[in-house]
Peer 1: 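So that we are looking at the same thing, I have put the structure below in structure tokens.
Proteins get letters first, then strands, A, B, ... in listed order; numbering begins at 1 in each.
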2 protein chains.
Amino acid sequence: MVPLYQAKTELFRALGNPVRIRVLELLYDSPKPVHRLLAEIPIEGSRLSQQLGILRGAGLVTARRDGNTVEYALSTGEVAELMATARRILAHLATGQEELLAELRVERAS
Amino acid sequence: MVPLYQAKTELFRALGNPVRIRVLELLYDSPKPVHRLLAEIPIEGSRLSQQLGILRGAGLVTARRDGNTVEYALSTGEVAELMATARRILAHLATGQEELLAELRVERAS
DNA sequence: TACGCACTTAAAGAATTTCGCAAGTGTAGA
DNA sequence: TCTACACTTGCGAAATTCTTTAAGTGCGTA
């Protein structure tokens with residue numbers, strides 16, 4: 001029996017990689033076959049495939065063979081939600097920094 | 001200028017560690033000083049301190065010195081929201097697995 | 001000032017993750 | 001069956017992250 005915090009760790013760890021994040025962002029709008037992802041993310045095909053394997057393993061995406069190609073999709077809308085919340089946190093942190101910079105400007109002026 | 005996907009990667013990477021997740025879970029309810037966290041997470045103090053440093057660096061928590069101790073808190077409610085969404089995804093994945101197991105049982109029976 | 005407690009920082013080795021290359025599988029069409 | 005295309009898998013080297021140990025800082029109290 002896996003403790004909950006361990007499962008959560010693995011979930012977030014699966015998200016903590018630039019290639020995997022870009023994949024999830026691309027799938028945010030609609031499912032896409034591997035070659036479409038590859039067109040947007042300029043890396044070796046084998047590498048993309050490995051990262052897709054990690055996302056699959058974490059249950060974040062699903063893969064469906066369609067003839068010669070394989071189509072990937074987010075496994076649930078909640079994954080999209082997680083990405084959206086992350087964006088909001090980032091926006092929050094960014095404005096925090098701007099405020100900090102503004103404060104520093106005031107201090108320097110006075 | 002840091003690309004957005006890179007910032008997002010660093011955010012999730014900061015979350016992808018069992019000690020750091022446990023800290024965030026403990027801070028979910030209310031701010032706590034380090035020694036209270038340490039009482040719940042049985043590791044070396046120096047190690048906890050390093051992990052707290054990473055959470056601080058990522059902007060996920062804030063630290064406030066209060067006399068002899070240092071009190072930590074989640075930096076914004078959105079961080080709590082992220083944790084909550086992660087919990088929901090995990091719950092979703094778990095039910096998915098149960099369904100899968102149920103299907104397998106049916107197949108074996110027939 | 002000296003001591004103890006609470007916490008942080010630094011540095012080096014251990015463990016994990018990522019990357020690039022080679023080889024392999026599955027499907028469609030000639 | 002042969003070839004081409006789309007994708008996956010395996011494996012060793014390189015990069016990153018984590019853990020351990022030791023030393024250091026800041027605050028309150030005697």
Peer 1: Expressed as a whole number of angstroms, how long is the span from A:Glu71:CD to D:dC7:C1'?
Peer 2: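 Value for this atom pair: 14 Å.
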Peer 1: How close or far is atom P of D:dA6 from atom CG of A:Leu38, stated in whole angstroms?
Peer 2: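 The distance from CG of A:Leu38 to P of D:dA6 comes to 10 Å, rounded to the nearest Å.
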Peer 1: What distance separates B:Leu82 CG from A:Phe12 CZ, expressed to the nearest 0.5 Å?
Peer 2: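 CZ of A:Phe12 is found 4.5 Å from CG of B:Leu82.
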Peer 1: Please tabulate, for the side chains in residues 22-41 of chain A, all donor-acceptor contacts under 3.5 angstrom to protein atoms that are two or more places apart in sequence or on a different chain.
Peer 2:
residue: A:Arg22; atom: NH2; partner: A:Glu40; partner atom: O; Å: 3.4
residue: A:Glu25; atom: OE2; partner: B:Lys8; partner atom: NZ; Å: 2.6
residue: A:Tyr28; atom: OH; partner: A:Arg87; partner atom: NH2; Å: 3.4
residue: A:Ser30; atom: OG; partner: A:Lys32; partner atom: NZ; Å: 3.0
residue: A:Lys32; atom: NZ; partner: A:Leu26; partner atom: O; Å: 2.9
residue: A:Lys32; atom: NZ; partner: A:Ser30; partner atom: O; Å: 3.1

Peer 1: Establish, with yes or no, whether the OP1 or OP2 oxygen of D:dA6 is under 4.0 angstrom from a side-chain nitrogen or oxygen of A:Tyr72.
Peer 2: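 No, no such contact exists.
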Peer 1: Would you kindly give the NE2-to-C1' distance between A:His35 and D:dA4, to the nearest whole Å?
Peer 2: 15 Å
Peer 1: Could I get the full list of salt bridge (charged side-chain N to carboxylate O under 4.0 Å, His left out) partners for B:Glu81, not counting sequence neighbours?
Peer 2: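 With sequence neighbours excluded, B:Glu81 shows a salt bridge (charged side-chain N to carboxylate O under 4.0 Å, His left out) to A:Arg88, given in chain and number order.
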Peer 1: Go through the structure and list residues passing side-chain hydrogen bond (donor to acceptor under 3.5 Å, both in side chains) with B:Gln6, not counting sequence neighbours.
Peer 2: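 B:Gln6: side-chain hydrogen bond (donor to acceptor under 3.5 Å, both in side chains) contacts with B:Glu10.
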Peer 1: Mark up nucleotides 15-23 of chain C, 5' to 3', with B wherever a protein heavy atom is under 4.0 angstrom from a base atom, S wherever such an atom reaches only the sugar-phosphate, and - elsewhere.
Peer 2: --SSBBBB-
Peer 1: Who are the side-chain hydrogen bond (donor to acceptor under 3.5 Å, both in side chains) partners of A:Ser75, not counting sequence neighbours?
Peer 2: none
Peer 1: With sequence neighbours left out, write down each residue that passes side-chain hydrogen bond (donor to acceptor under 3.5 Å, both in side chains) with B:Gln51, or none if nothing qualifies.
Peer 2: B:Arg20
Peer 1: Starting from the first five and the last five pairs of the helix from C:dT1-D:dA30 to C:dA30-D:dT1, work out the angle between the resulting helix axes, to 10 degrees.
Peer 2: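 The angle separating the two end axes equals 20°.
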Peer 1: Could you tell me how far apart B:Arg64 (CZ) and C:dC7 (C1') are, to the nearest whole angstrom?
Peer 2: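 Taking CZ of B:Arg64 and C1' of C:dC7, I get 15 Å after rounding.
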Peer 1: Give every pair of a protein N or O atom and an N or O atom of nucleotides 24-28 of chain D that lie under 3.5 Å apart, one pair per line with the distance.
Peer 2:
residue: D:dG26; atom: N2; partner: B:Asn68; partner atom: OD1; Å: 3.0

Peer 1: NA contact type, B:Arg36, heavy-atom cut-off 4.0 Å: base, sugar-phosphate, or nothing?
Peer 2: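 Since no nucleic acid heavy atom lies under 4.0 Å of B:Arg36, the category is nothing.
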Peer 1: Which heavy atom of B:Asn17 sits nearest to which heavy atom of B:Val19, and what is that distance?
Peer 2: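 Distance-wise, the nearest heavy atoms are OD1-N, 2.9 Å.
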Peer 1: Report the distance from atom CG of B:Leu48 to atom CD of B:Gln50, rounding to the nearest 0.5 Å.
Peer 2: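 Those atoms lie 9.5 Å apart.
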Peer 1: Name all residues meeting the side-chain hydrogen bond (donor to acceptor under 3.5 Å, both in side chains) criterion together with A:Arg47; count only those two or more places apart in sequence or in a different chain, and write none if there are none.
Peer 2: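 A:Arg47 satisfies side-chain hydrogen bond (donor to acceptor under 3.5 Å, both in side chains) with no residue once adjacent residues are dropped.
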Peer 1: Starting at CG of B:Leu48 and ending at C1' of D:dT19, how long is that distance when rounded to a whole Å?
Peer 2: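 Rounding to the nearest Å, CG of B:Leu48 and C1' of D:dT19 are 14 Å apart.
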Peer 1: Please tabulate, for side-chain N and O atoms in residues 53-67 of chain B, each donor-acceptor pair with protein atoms closer than 3.5 Å (sequence neighbours left out).
Peer 2:
residue: B:Arg56; atom: NH1; partner: B:Tyr72; partner atom: OH; Å: 2.6
residue: B:Arg64; atom: NH2; partner: B:Glu71; partner atom: OE1; Å: 3.1
residue: B:Arg65; atom: NE; partner: B:Gly67; partner atom: O; Å: 3.3

Peer 1: To the nearest Å, how far apart are B:Ile21 CD1 and D:dC18 P?
Peer 2: 12 Å
Peer 1: Can you tell me how far the CG atom of A:Leu15 sits from the OG1 atom of B:Thr9, to the nearest 0.5 Å?
Peer 2: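 Going from CG on A:Leu15 over to OG1 on B:Thr9, the span is 9.0 Å.
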Peer 1: For a quick check of understanding: with a heavy-atom distance under 4.0 Å over all strands, which category does A:Thr69 fall into, base, sugar-phosphate or nothing?
Peer 2: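 Sugar-phosphate, no base atom in range.
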